[in-house]
Amino acid sequence: MTNFGKRSIPPTVMVIFGASGDLTSRKLMPALFNLSVDKLLPERFFLIGYGRKSASNEHFREILKKSLSAHSRRPIEENAWNSLAPGISFHNGAYDDPTSFEALKSKIEGIEESVGEPVQTIFYLSTPPSGFLPILENLGNSGLARLHHNTPSASKVIVEKPFGRDLESARELNQMINRRFAESQVFRIDHYLGKETVQSLLVQRFANSIFEPVWNRNYVSCVQITVSENLGVGSRAGYYDRSGALRDMIQNHVMQLLALTTMEPPSSLDPEAIRDEKVKALQAIKPLSLGNANAEVVRGVYTEGLVGGEKVIGYHEEEGVPSSSFTETYTALSLQLDNWRWKGVPFYIRSGKRLKQKVSEIVVQFTRPPAILFGENSNRPLSPNLLTIRIQPDEGVSLSLNSKTPGLETKLQPVNLSFGYDTTFGSNTPEAYERLILDSMVGDGTLFIRGDEAEQSWGLLSPVLESWHTMAGHGLEKYSAGTWGPLAADKLLLQRGHEWITNK
Ligand code: BG6
């Protein structure tokens, strides 16, 4: 992974578009602050909030400081804040107004003059997607996109999700970006890739020799990836109802987990080598079978229910959700990879809101041992070994093994070998955004999505969205909040001889 110790970060200006938004206060500012506490920001670091609502520099700083008290993983350290605050300013401007961008350019040039050496500028696109086009156009026309082109201080652009709504819009967005920025300057965020446990997936796979020989169709009977949440749509109905679980979670976070689980060993840790292998894994996924008895896709929407003992309302009763909405809050898919390693192994993936519990995990279920010595005449067949990679919460890895229970009879019971991050390394690990922002400053794209990865994932999923659009509400299953989702998702696995492990 990135060894930022070996690469230095030039003086940096970060311009956040959408600076008054939720993401800036909940994630970006806390990440920058914690990087500053850890002395990982460049010595000369400047933050410019770009927004349509006018605010003074002081007011902007105050808002950011308040957000730290609410969202930083560490309490505010006055020293760190005092070293960060003088470099923070607000720039009032519209996204489609060339003069605001000319003024921004002058501001950046002024900073550069005071620093006395080339400064890299990172543009963080954290606006609703409708803001992307005018911003990119103006970054291009003003020359901001090409500042210090082809040098280590070249401008960079970080693009927040959602990256398009379907294959066509993702392609358009890629073209729009690549007209102004070279791919090496582009950092498409998927915050799951910044999670510590996701980063260590490749380490577990490729820094241990015991997994590789069994990581294939000969020993794996299925792989399950669950990314569930117990929260509902909250105050985000405006965004979520236009999105749904497939666009919001599966297309990006879950498909990335799948790619990392299934990819071949890269030839090096070079970002392109890793991303090439991820693209190949995504390319191997067979197109989905839709809308027939053998359908490989389930979608559902939550109705009222009990979550953690508390009564909660259904999706259609949430504020801002139209009663006529067909948006899915749950999706499960059964996927197949048509390649040498994985031919015939089902990959079950699912994600949903208002499920029983918040958990992100990957479970690799191995083939059962032959029931010759043990489990021969028993009604219960031998349990398969399970390798569970817990992305969150309770981050860690466990491996279930069959063991003999103590006593005179030979009875078997699955037991767990388990490793937990907290108990081994202590808590308070960096947040995903800390890692990702740092990597973008260093110019390391390993933990970001390349344009072709995004398109590959949309290419698989766009037909699903199209078929749902045609079917309107037909086939949209219901599930009570606080359960593990629609029964149809259980059937999806049962028909294929499996069951969801996490539900047990
Ligand atoms: C975001 C989605 O990308 O990820 C949200 O837009 C979701 O709907 C969130 O709640 C989940 O992230 P995490 O890190 O809490 O698992």
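Worth saying up front: this structure is predicted, and the values here are computed from it rather than measured.
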- Pairs involving residues 308-332, ordered by first then second residue, that meet ring-ring contact (aromatic ring centres under 6.0 Å, His included) (sequence neighbours left out): Tyr302-Tyr315, Tyr330-Tyr479

- Residues two or more places apart in sequence or in another chain: which of them pass side-chain hydrogen bond (donor to acceptor under 3.5 Å, both in side chains) with Arg299? none

- Message: Once ring pair (Phe, Tyr, Trp, His ring centres under 6.0 Å) is applied, do any residues pair with Phe163, and if so which ones, sequence neighbours excluded?
- Response: none

- Query: Quick one: are Tyr348 and Trp500 in side-chain contact, heavy atoms under 4.5 Å?
  - Reply: yes

- Gap between atom OG1 of Thr24 and atom CG of Leu64 - 0.5 Å precision: 7.5 Å

- Does the distance from a Lys or Arg side-chain N to an Asp or Glu carboxylate O, for Asp190 and Lys161, drop under 4.0 Å? no

- Message: For Ser72 and Asn34, which I'm curious about, is there any donor-acceptor pair between the side chains at under 3.5 Å?
- Response: yes

Please list every donor-acceptor pair under 3.5 Å in which a side-chain atom of residues 358-371 meets a protein atom from a residue at least two apart or in another chain.
unit_1	atom_1	unit_2	atom_2	d
Ser360	OG	Tyr192	OH	3.4
Glu361	OE2	Thr502	OG1	2.8
Thr367	OG1	Tyr219	O	3.4
Arg368	NH1	Leu382	O	2.6

- What pairs of residues pass the side-chain hydrogen bond (donor to acceptor under 3.5 Å, both in side chains) test when at least one of them lies in residues 411-423, not counting sequence neighbours? Ser200-Tyr421

- Are the charged groups of Arg74 and Asp38 less than 4.0 angstrom apart, N to O? yes

- Item | Set of residues satisfying side-chain contact (heavy atoms from CB on, under 4.5 Å) with respect to Leu133, sequence neighbours excluded | Glu137, Met176

- Message: Using the side-chain hydrogen bond (donor to acceptor under 3.5 Å, both in side chains) criterion, which residues pair with Lys278? Sequence neighbours excluded.
- Response: Gln256, Glu453

- Query: In chain order, what residues pass the side-chain contact (heavy atoms from CB on, under 4.5 Å) check against Pro322, with sequence neighbours excluded?
  - Reply: Asp241, Ser324, Ser325

- Task: Indicate yes or no: at least one non-hydrogen side-chain atom of Ile349 is less than 4.5 angstrom from one of Met255.
- Result: yes

- Message: Which label fits Tyr433 and His191: parallel for a plane angle under 30°, tilted from 30 to 60°, or perpendicular past 60°?
- Response: parallel

- Message: Suppose the criterion is salt bridge (charged side-chain N to carboxylate O under 4.0 Å, His left out): which pairs have a residue in residues 425-434, not counting sequence neighbours?
- Response: Lys27-Glu431, Arg73-Glu434

- Query: Can you check whether Leu246 reaches Glu328 side chain to side chain, under 4.5 Å on heavy atoms?
  - Reply: yes

- Which residues pass the side-chain contact (heavy atoms from CB on, under 4.5 Å) test with Glu317, sequence neighbours left out? Ile313

- Task: Given side chain to side chain contact (heavy atoms under 4.5 Å, CB included), test Lys65 with Trp81 step by step and report yes or no.
- Result: CA-CA 8 Å; Lys65 195 172 181 195; Trp81 173 251; 3.4 Å; yes

- Item | ring-ring contact (aromatic ring centres under 6.0 Å, His included) partners of residues 225-245, not counting sequence neighbours, each pair once | none

- Query: Any side-chain heavy-atom pair from Met29 and Leu47 closer than 4.5 angstrom?
  - Reply: yes

- Item | Pairs where residues 164-174 contributes a residue and the test side-chain hydrogen bond (donor to acceptor under 3.5 Å, both in side chains) is met, not counting sequence neighbours | Asp166-Ser169, Asn174-Arg188, Asn174-Glu455

- Query: Could you state the interatomic distance from CH2 (Trp215) to CG (Asn208), rounded to the nearest 0.5 Å?
  - Reply: 10.0 Å

- Query: More than 12 foreign heavy atoms under 6.0 Å from CD of Glu78: is that the case here?
  - Reply: yes

